[in-house]
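Below is one structure, written out as structure tokens; comments come after it.
So that the names make sense, note that chain A is the first sequence line, chain B the second, and so on, each numbered from 1.
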Amino acid sequence: MAYAEDAERETLHHPKSFWTKYVWSQDHKVIAIQYSLTAIFAGLVALVLSALMRMQIGFPGALEFIDQNAYYQFMTMHGMIMVIYLLTALFLGGFGNYLIPLMCGARDMVFPFLNMLSYWFYLLSVIILMSSFFVPGGPTGAGWTLYPPQSISAGTPGTEWGIVLMMISLAVFIVAATMGGLNYVTTVLQARTHGMSLFRLPLTVWGIFIATVLALLAFPALFVSAIMLLFDKLLGTSFFMPAMVSMGQTLDYNGGSPILFQHLFWFFGHPEVYIVALPAFGLVSDLISTHARKPIFGYKMMVWAIVAIGVLSFVVWAHHMYVSGMNPYFGFFFATTTLVIAVPTALKVYNWVLTLFRGDIHLTVPMLFALAFILTFLNGGLTGLFLGNVAVDLPLSDTYFVVAHFHMVMGVAPILVVFGSIYHWYPKITGRMLNDTIGRLHFWITFIGTYTIYFPMHYLGFLGMPRRYYAYEDYDFIPQSAHDLNSFITVVALIVGVSQLLFLFNLFYSYFKGKPAGGNPWKATSLEWLTPQTPPAHGNWGEKLPVVHRWAYDYSVPGVAEDYVPQTVPESEAPIHDKGI
Amino acid sequence: MNVSAPQHHPNFDEGWDDPAIAARRKKTALQVMLAVITALFFLFTIAFLIRAQYPDYESLAAPWQPLANPWLLWVNSGILLLASLSFHWAVVSARSENINATRDGLYLAGFFTVMFLISQLWLWQQLIALGYYVNSNPANSFFYLFTGLHGLHLLAGLFLWLKTLREARGGLPLSLLQSSVALCATYWHFLFVVWLLLFSLIVGDQATFRAIAAFCGF
């Protein structure tokens, strides 16, 4: 039938040339790799920017080209790239694209063309953002929160072009994320294979699925604020801009509300934390269960905790705004919701620990990163409880305590999961193992190094050392010891930064020289390890789709010789650990 | 529940390329997309309600303002309603397997939509001619923002409409055409409801917005 042939072409677009196979590819696995490589490139740019900032803080004036403007531009671009263009893109576009169809037992995403378009829009957004380094005035230096009026007022670096390019880039990114998100959600809901009920999905899929829902509903808030701020900047409207005098001149703006921008920004900004965290929660659950050879503790509880965190993440945003001048009564509400969201989050931490309890723990590189994640996330999460309370937040606001908190909880912790997951799934993606020795070296430097960087920052915060300052000399309340500590942190940060080359080298080296992995090197149970080919071929499953008989966590099932039972093994061959699922 | 027997998911079939399944997936995607657009306009509405309470807000429908008698907005609403009704007719015709009437419904829907967009642009031109620029007052800013964004959503919809029209002309199996037309119709009905909301915001007065905001607690 003619239409069936059309549908065939539409849904599974078999590539024929190099270009359609590797560049204009509609295969979710290729798109995932494109997303990941672009995100890692952006992340490396942001890493270099952070090293430059640390040089200024640790050794003021050592690099002459870092003036005030450059410092603020580096800071802004570092933050925005890391949060949006690295972490969000990597978790959803990278891991989401690779793992959702494979873990669901689908042949591809349900709308492959839209998926391809999503990547190219993402790449366009990165290009637009990076181009701001080369325009007059350079990139915006407004801080990643882009608060007006300062972000579009004279005196802030990048008000000529930088801020406009930032807004346009964000808008394009949101379009890309929406196209990707439609695919992820629809694939999870409509393209699971036989027997794959929602409660048999690995937690990775749950984490990415709920994070995608958050992204779809929260990114509009960023879109709204970006569009309205662009109007204020380019068309002279006064959505956010109040009446003001700038550089001795009365501006044409009148009556706008800067706090409105803050509300809109954080209505996106806080769910964004969980857009990054929930995929990390999911991925790390699978790493822990696989490498501890134990079923994940409280699977359903873990799923509902992800859902609860997702819902609650929309009602905590103003805990970022205690010092903004908003109605003080709001503080009470948002402090309460912030404490409430800690409950499902803590529950997940307990369950990870209980999964480890009496497990057959293999200290593989992915497991090392997973364990490091638990420690780092716990640390960052606990300081979040401090900052979530108004009375404690007020004195700590805008100090290095905040810098330490958010880097621990949503910088280092998720990136540890990224590393662990790459070490875990690289064998499936390439067919080769990453080098173990280099991996361990990379792990220990990164883990100890990041702790050494961020842990002392809590003390700097207690001392009252403010964040977002270009120079810290000549403040009576900042003692010499704090300056020494800053120099120390900078040295460690540079070491950690350079050590990431080990990881890049490993990725490159192992691709050619790594030990062949086989189909299932970790003896894992979920579907992606059961593909007929490794790396999986186009269409993933050969002639027949897999049939699922059990959940993804049948490890160490009593009475079974092997310590794992893949999801495709029927009950007649091996008992099912948890029949309720 | 006997978990050992393979459960055939109701939404899945071995035939990955089965057109009926593709239609179901498109429906899910549209529902998700409508949720995203709802979030977008909801947030614009909240931003509007907050900003409209500031003293400089001067509704375009105030007695001395150009939209004091918003007859053109009513006419435009009527045109958009006709587009929506045409889609409904197309859906009903497709269901009763009347291809010609389905096509006619689609043509009419497209015609009324383009009419609506032209008429909205004409309204923009009128206001600009009177000196009501985008930055003259927050009410004007929101007016241009709302109508512009709503128009862009309709424009995007016209791409879907064009695709459906091509399918209707190209002899797509009726079951698939029914689903494509139904998806378009849902999108247009949705945008009509969004338009009614935006219309009420454009012509509403400040006291009403203050009351709504007070009721919502902000």
Side-chain angles (χ1 to χ4, degrees), chain A residues 1 3-4 7-8 10-12 106-108 110-111 114 178 181-183 185-187 189-197 216-221 223-225 227-228 231 235-239 252 254-257 260 263-264 267 327 539 544-545 547-550 570-572 576 579 581, chain B residues 1-9 11-19 21-22 24-33 35-44 46-48 50-51 53-57 133-138 140-142 144-145 149 167 170-173 176 217-218:
Chain A
M1 189 172 74
Y3 183 78
E8 168 85 14
E10 259 181 33
T11 50
L12 259 190
R107 295 204 179 278
D108 206 316
V110 290
F111 307 116
L114 200 63
T178 306
L182 277 179
N183 253 312
V185 170
T186 313
T187 303
L189 291 178
Q190 295 280 1
R192 301 189 308 280
T193 190
H194 304 291
M196 182 60 93
S197 60
L216 287 169
L217 298 178
F219 272 128
F223 192 79
V224 167
S225 42
I227 295 294
M228 286 165 70
F231 266 54
L235 301 176
T237 56
S238 297
F239 289 122
D252 286 337
N254 186 31
S257 167
L260 172 58
H263 278 296
L264 285 170
F267 189 78
N327 188 331
K544 294 290 271 180
L545 290 169
V547 177
V548 169
H549 296 272
R550 58 184 71 230
E571 192 179 12
S572 56
I576 290 173
K579 291 202 177 199
I581 290 169
Chain B
M1 182 176 70
N2 179 7
V3 282
S4 63
Q7 305 163 336
H8 286 268
H9 192 277
N11 289 331
F12 196 84
D13 193 283
E14 184 64 44
W16 174 256
D17 299 322
D18 185 334
I21 289 169
R24 206 152 50 209
R25 288 173 182 164
K26 283 179 189 162
K27 189 175 175 188
T28 302
L30 178 70
Q31 288 164 344
V32 176
M33 196 61 214
V36 175
I37 301 173
T38 304
L40 183 75
F41 281 103
F42 171 75
L43 288 160
F44 270 121
I46 297 289
F48 174 86
I50 292 174
R51 185 65 183 87
Q53 292 178 71
Y54 285 65
D56 61 335
Y57 180 86
Y133 303 119
V134 67
N135 59 351
S136 320
N137 190 276
N140 306 10
S141 312
F142 274 111
Y144 288 107
L145 185 63
L149 269 177
E167 290 173 351
L172 191 75
L176 297 177
F218 60 87

Quick check for you: among B:Ser136, B:Ala47, B:Gly170, B:Ala35, which has the greatest number of heavy-atom pairs under 4.5 Å with chain A? B:Ala47
Please answer whether the main-chain N or O of A:Ser238 pairs with a side-chain N or O of B:Arg51 as donor and acceptor at a distance below 3.5 Å. yes
Less than 4.5 Å to any heavy atom of chain B: does that hold for the side chain of A:Phe223, its backbone, both, or neither? side chain
Which bit of A:Val185 is near chain B, if near means a heavy-atom gap under 4.5 Å: side chain, backbone, both or neither? side chain
Heavy-atom distance under 4.5 Å to chain A: side chain of B:Ile50, backbone, both or neither? side chain
Which bit of A:Phe219 comes within less than 4.5 Å of chain B, counting heavy atoms only: side chain, backbone, both or neither? neither
Please enumerate all residues that pass side chain to side chain donor-acceptor pair (under 3.5 Å) together with A:Thr186, with sequence neighbours excluded. none
Using non-hydrogen atoms only, which part of A:Leu216 is less than 4.5 Å away from chain B: side chain, backbone, both, or neither? both
Enclosure of B:Asp56 CG (heavy-atom neighbours >12, cutoff 6.0 Å): yes
Part of B:Phe142 within contact of chain A (heavy atom distance under 4.5 Å): both
A:Thr193 side chain to A:Val547 backbone, donor-acceptor under 3.5 Å: no
If you count heavy-atom pairs under 4.5 Å between each of B:Tyr133, B:Phe42, B:Tyr54 and chain A, which one has the most? B:Tyr54
Heavy-atom closest pair, residues A:Arg107 and A:Gly539: NH1-O, 3.1 Å
Whatever's closer than 4.5 Å to a heavy atom in chain B on A:Ser225 counts as neither
Across all chains, not counting sequence neighbours, the side-chain contact (heavy atoms from CB on, under 4.5 Å) partners of B:Thr38 are B:Phe190
Side-chain heavy-atom pair B:Asn135, A:Leu235 within 4.5 angstrom cut-off: no
What part of A:Leu114 is in contact with chain B, defined as an atom under 4.5 angstrom from a non-hydrogen atom: side chain, backbone, both or neither? neither
